[in-house]
Amino acid sequence: MKPVIGITAGYKADEKDITIKEKENRRKIYNFITRDYANAINKSGGIAVILPTPNSSEDTYSIMDKLDGVVLSGGNDINPVICRQCADEFTGSLTCRRDDQELDILDYVFKKRSIPVLGICRGTQIINAYFGGTLILNINSKIEHKQNKIPRYKAVHSVDIVEDSQLREIVKKKNIFVNSIHHQAIGNVGDGLKVSAKSSDNIIEAVERIDDNYNIIGVQWHPEIMYDIDEACKNLFIDFVMNCKKFN
């Protein structure tokens, strides 16, 4: 039986598209995610389902009871207040309802049922925030951490994988080239997390918590986009789905 794996989604209220219902103006609200995430999960042997932002923590817990793993996907900036920091002029649009959902998901994993978690880009940052870590609110580096005009499936910089990390075991390489679509990054590392990769400008590119109880890996790049052209990215999803199978 294939494991069922949830993927968190973006959240947006359309200010321009207003409908009339029950004599009230109501904005159309969207949950959305690129197809790459589901493709990577499905091709790796899982069944991907999209997780819309719920109405309550109780709803999140009920959904999580039915899953064998979860991907915390990329997206908008997380609210720096979660990390006891203040938003600044570099902070983009925030989706606090999604922040709450993903923090509840991690609460579930640590308090009820420790299914595997894969964080991607923003998802890695929310994992770090959950463990009490901080953010770099805007990367200032000569290394390119944004794709700009470069296609999203193209690598833009290298990443060094820590030798004694689970990530190194998965990708089978000490150095890989990755794409990069972010301006925030991990600052101080959260309690219980291990740094498993860095870029040459010392930006933390991956963290993990792998032990007898938890299987959590977060990467700052977007392996789902490079799945079909990069073996290391493909292996990351294959290993994740394999671990999720233990829970179905």
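Only a predicted model underlies this, so the values are computations on that prediction, with no experimental measurement involved. Atom set for the values below is all heavy atoms of this structure, side chains included, hydrogens, waters and symmetry mates excluded. Throughout, numbering of the chain's residues begins at 1 and tracks the sequence.
Here the SG atom belonging to Cys83 is positioned 11.5 Å from the CD1 atom belonging to Ile136, to the nearest 0.5 angstrom. In this structure, CD1 on Ile127 lies 7.5 Å from CG on Leu193, to the nearest 0.5 angstrom. Note: Asp99 CG to Gln125 CD = 10.5 Å, rounded to the nearest 0.5 Å. Note that CD of Gln85 and CD of Gln184 are 8.5 Å apart. Values are rounded to the nearest 0.5 Å. Here Ile82 contributes atom CD1 and Asn128 contributes atom CG; the two are 11.5 Å apart, rounded to the nearest 0.5 Å.
At least one donor-acceptor pair closer than 3.5 Å links the side chain of Thr124 to the backbone N or O of Val219. Not a single donor-acceptor pair under 3.5 Å links the side chain of Asp68 to the backbone N or O of Lys245. Distance alone, capped at 3.5 Å, is enough to place a donor-acceptor pair between the Tyr37 side chain and the Gly74 backbone. Side-chain atoms of Asn215 never come within 3.5 Å of backbone atoms of Glu208 as a donor-acceptor pair (strictly under, hydrogens ignored). Between the side chain of Lys112 and the backbone N or O of Val109, no donor-acceptor pair lies under 3.5 Å. A donor-acceptor pair under 3.5 Å is formed between the side chain of Arg97 and the backbone N or O of Pro54. In terms of modelled atom types and a separation under 3.5 Å, the side chain of Arg84 and the main chain of Thr134 share no donor-acceptor contact. Side-chain atoms of Gln101 never come within 3.5 Å of backbone atoms of Thr8 as a donor-acceptor pair (strictly under, hydrogens ignored). Between the side chain of Asp239 and the backbone N or O of Asn235 there is no donor-acceptor pair closer than 3.5 Å. Listed for the Asn79 side chain is no donor-acceptor partner under 3.5 Å among the backbone atoms of Cys96.
Side chains of Tyr153 and Asp230: no donor on one and acceptor on the other come within 3.5 Å. Between the side chains of Asn76 and Tyr11, no donor N or O sits under 3.5 Å from an acceptor N or O. When only modelled atom types and interatomic distance are considered, Ser114 and Asn213 share no side-chain donor-acceptor pair under 3.5 Å.
Looking only at side-chain heavy atoms (C-beta outward), Arg168 and Ser196 stay at 4.5 Å or farther from each other. Using a 4.5 Å heavy-atom threshold, the side chains of Ile216 and Val207 count as separate. Within the 4.5 Å cutoff, side-chain heavy atoms of Ile78 are placed close to those of Arg122.
Aromatic ring orientation, Tyr227 versus Phe237: perpendicular (interplanar angle above 60°, classes split at 30° and 60°).
Taking the charged nitrogens against the carboxylate oxygens, Lys43 and Asp36 have no contact shorter than 4.0 Å, which rules out a salt bridge.
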Working for salt bridge (Lys or Arg N to Asp or Glu O under 4.0 Å), residues Asp104 and Lys111:
CA-CA 10 Å; Asp104 284 339; Lys111 294 179 180 178; over 6 Å; no
